[in-house]
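Residue numbering restarts at 1 for every chain, and letters A, B, ... go by the order of the sequence lines.
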There are 2 protein chains.
Amino acid sequence: MTTRIQKRNRRRILDAALEVFSAQGFRGATLDQIAVEAGLSKPNLLYYFDSKESIHAALLGALLATWIDPLKAIDPAGDPRAEIMSYMRHKLQMAGEFPRESRLFANEILQGAPRMSGFISTDLKALVEDRVRVIQGWVAAGRLAPIDPYHLIFSIWALTQHYADFDAQIRLLRDGADPLDGAEAFLEMLFERLLTPVPVTQADG
Amino acid sequence: MTTRIQKRNRRRILDAALEVFSAQGFRGATLDQIAVEAGLSKPNLLYYFDSKESIHAALLGALLATWIDPLKAIDPAGDPRAEIMSYMRHKLQMAGEFPRESRLFANEILQGAPRMSGFISTDLKALVEDRVRVIQGWVAAGRLAPIDPYHLIFSIWALTQHYADFDAQIRLLRDGADPLDGAEAFLEMLFERLLTPVPVTQADG
DNA sequence: AATGAACTTGACTGAATGGTCAGGCCTGCT
DNA sequence: AGCAGGCCTGACCATTCAGTCAAGTTCATT
């Protein structure tokens with residue numbers, strides 16, 4: 001069983017580790033940094049977790065569920081455009097609320113997903129393929145303008161996570177302003193137009 | 001002056017270092033890895049470069065110019081939509097041709113741009129601000145539908161670099177298919193629609 | 001062929017870092 | 001209060017890694 005102290009310290013460690021891993025990557029992070037950030041001694045860290053690796057694994061494990069939930073929430077019976085817009089909004093909100101998690105994930109993928117390829121090529125792949133089929137179904141039923149479902153999903157990921165992952169760059173370019181300023185309105189417009197079939201004009205014909 | 005051998009070995013080292021740094025990040029990369037990849041001994045690496053840091057600096061330095069060139073190439077006198085589409089296409093092509101450079105850059109920004117904040121907050125910032133003004137000028141002149149110039153630029157960066165930076169994930173999700181398959185057509189459509197003003201329909205009024 | 005400069009390397013050093021361990025300190029329970 | 005188990009730590013170890021160096025080899029030039 002887990003005691004009160006265990007709960008508190010595990011939480012502290014994971015929070016500190018998220019801070020450090022997301023900012024430095026796995027190899028760049030050190031147990032000493034995490035220990036300082038957590039306000040614990042290094043041996044005490046290793047009392048609660050077997051190794052640096054296992055702290056990282058715990059973080060990734062916790063991340064996976066939260067990461068794919070919004071994609072699951074897409075309702076095949078709902079209005080196609082509304083469902084996709086809602087998914088995009090949800091992802092953008094997560095980029096704002098959990099930027100460290102986003103960067104942890106980005107670090108992992110950038111390095112070739114060494115500790116996540118299993119999850120990606122099984123669970124995530126199955127889910128994405130399912131959602132791809134949902135979107136294809138919408139298109140086939142004439143409820144959505146023809147679109148490549150994979151690239152639609154990738155574009156939502158790219159555009160929303162960019163605000164968390166490239167936060168440092170955006171801040172430097174915009175005098176420290178919150179990177180998400182104006183992002184929602186912009187993405188709203190972007191996806192609204194992307195999902196709206198363009199009327200054929202005489203000029204094109 | 002630089003000899004034939006110097007030229008060859010410096011090139012080998014930088015190429016090997018790009019391979020390793022882009023895949024492992026600065027701290028994750030080791031001089032031994034780079035030495036093996038370059039087919040040289042570690043002390044020999046340090047005969048050509050002062051330190052690990054200076055190899056990295058050389059790579060970033062070389063990257064900067066190539067990185068901002070396309071943005072410079074946007075012509076204020078050209079057709080707004082054509083110029084922006086051309087910029088997007090150029091960036092996408094770079095993601096395909098220089099994915100390692102893109103990941104090197106992504107690694108750097110993810111870690112908070114510790115070695116690039118100077119460049120970003122001066123040169124790049126000035127250039128981006130200039131291009132923002134160009135786009136605002138186009139909008140003011142009625143040559144382009146109203147749009148937030150910053151987010152337009154960010155969206156081009158996000159969408160194109162995603163294919164290089166998240167290459168591993170996309171490959172795992174699409175059975176190893178080239179991530180760029182279909183990307184150009186998709187982005188073409190996306191930005192075409194984004195930059196095309198939507199006609200007002202009766203349903204909205 | 002001779003010579004000096006450019007190039008190369010095995011063997012090394014010191015610092016950083018993940019992890020161990022013996023022993024001490026709390027905390028909750030009786 | 002006493003005590004058993006959970007909690008914590010200083011000191012330590014082994015490994016990794018950036019960087020050094022003295023000594024050798026190759027190259028261009030004459």
Side-chain angles (χ1 to χ4, degrees), chain A residues 1-61 104 107-108 110-112 114-116, chain B residues 1-61 104 107-108 110-112 114-116:
Chain A
M1 65 149 270
T2 59
T3 69
R4 187 173 48 84
I5 295 180
Q6 268 172 45
K7 215 165 215 174
R8 186 198 57 187
N9 283 353
R10 275 180 202 274
R11 189 171 297 278
R12 275 192 194 174
I13 292 169
L14 289 176
D15 189 66
L18 177 58
E19 192 70 30
V20 177
F21 279 133
S22 68
Q24 318 271 356
F26 180 77
R27 297 246 356 224
T30 71
L31 287 180
D32 292 276
Q33 286 174 343
I34 298 173
V36 168
E37 183 82 22
L40 299 171
S41 70
K42 183 167 66 164
N44 208 7
L45 250 61
L46 293 161
Y47 174 76
Y48 289 102
F49 290 90
D50 285 345
S51 61
K52 181 184 180 181
E53 193 76 47
S54 83
I55 299 177
H56 193 253
L59 281 177
L60 281 189
L104 182 72
N107 261 306
E108 183 61 16
L110 256 185
Q111 330 262 307
R115 304 153 215 276
M116 273 187 56
Chain B
M1 65 145 267
T2 60
T3 70
R4 186 174 47 84
I5 295 180
Q6 268 171 45
K7 215 166 219 173
R8 188 200 55 187
N9 283 354
R10 275 179 202 273
R11 189 170 298 276
R12 276 191 194 174
I13 292 170
L14 289 176
D15 190 66
L18 178 57
E19 192 70 30
V20 177
F21 280 133
S22 68
Q24 319 269 356
F26 181 77
R27 296 247 353 227
T30 71
L31 287 179
D32 291 276
Q33 285 174 324
I34 298 174
V36 168
E37 182 83 21
L40 298 171
S41 70
K42 183 168 67 166
N44 208 7
L45 249 61
L46 293 161
Y47 173 75
Y48 289 101
F49 290 90
D50 287 345
S51 61
K52 181 184 180 183
E53 193 75 47
S54 84
I55 299 178
H56 193 254
L59 281 177
L60 281 189
L104 182 72
N107 261 305
E108 184 61 15
L110 256 185
Q111 332 261 307
R115 305 153 214 279
M116 272 187 58

Using every non-hydrogen atom in the two residues, find where [X] and [Y] come nearest and quote the distance to one decimal.
X	Y	answer
B:Ile34	B:Ile13	CG2-O, 4.2 Å
B:Asp50	B:Leu46	O-CD2, 3.8 Å
A:Ala35	A:Ser41	CB-C, 4.1 Å
B:Arg27	B:Lys52	O-NZ, 3.9 Å
B:Leu104	B:Ser22	N-CB, 4.0 Å

Side-chain N or O of [X] closer than 4.0 Å to phosphate OP1/OP2 of [N]:
X	N	value
A:Thr30	C:dA16	no
B:Gln6	C:dA6	no
B:Asn9	C:dT8	yes
A:Tyr47	D:dC7	yes

On DNA chain D, does the nearest nucleotide to A:Arg27 precede the nearest nucleotide to A:Thr3 from the 5' side, or the other way round? Give the residue.
A:Thr3

side-chain contact (heavy atoms from CB on, under 4.5 Å) partner of A:Leu14, chosen from A:Phe49, A:Tyr48, A:Phe21
A:Phe49

Nearest-Å distance for atom pair [atom1]/[atom2], residues [X] and [N]:
X	N	atom1	atom2	result
A:Leu46	C:dT17	CG	C1'	11 Å
A:Leu45	C:dT17	CG	P	15 Å
A:Arg10	D:dG6	CZ	P	13 Å
B:Ile13	C:dT8	CD1	C1'	12 Å
A:Lys52	C:dA16	NZ	C1'	11 Å
B:Glu53	D:dG19	CD	P	8 Å
B:Asn44	C:dG10	CG	C1'	13 Å
A:Arg8	C:dC26	CZ	P	14 Å

Under 4.0 Å, heavy atoms only, any strand: does B:Tyr48 hit a base, just the sugar-phosphate, or nothing?
sugar-phosphate

Taking any heavy-atom pair under 4.0 Å as a contact, classify B:Leu31: base, sugar-phosphate, or nothing.
sugar-phosphate

Considering only heavy atoms, which members of residues 32-43 of chain B lie under 4.0 Å from some atom of DNA chain D?
B:Lys42, B:Pro43

side-chain contact (heavy atoms from CB on, under 4.5 Å) assessment of A:Asn107 paired with B:Asn107
CA-CA 7 Å; A:Asn107 261 306; B:Asn107 261 305; 4.3 Å; yes

For the NZ atom of A:Lys42 and the CG atom of A:Asp32, what is their distance to the nearest 0.5 Å?
4.5 Å

Would you compute the distance between atom CG of A:Leu45 and atom CG of A:Asn9 and round it to the nearest 0.5 angstrom?
9.5 Å

Per-nucleotide protein contact string for nucleotides 22-30 of chain D, where B marks a base within reach and S marks sugar-phosphate only (heavy atoms under 4.0 Å, - for neither):
------S--

Quick check: are there more than 12 heavy atoms from other residues, nucleotides or ligands sitting under 6.0 Å from CZ of A:Arg115?
yes

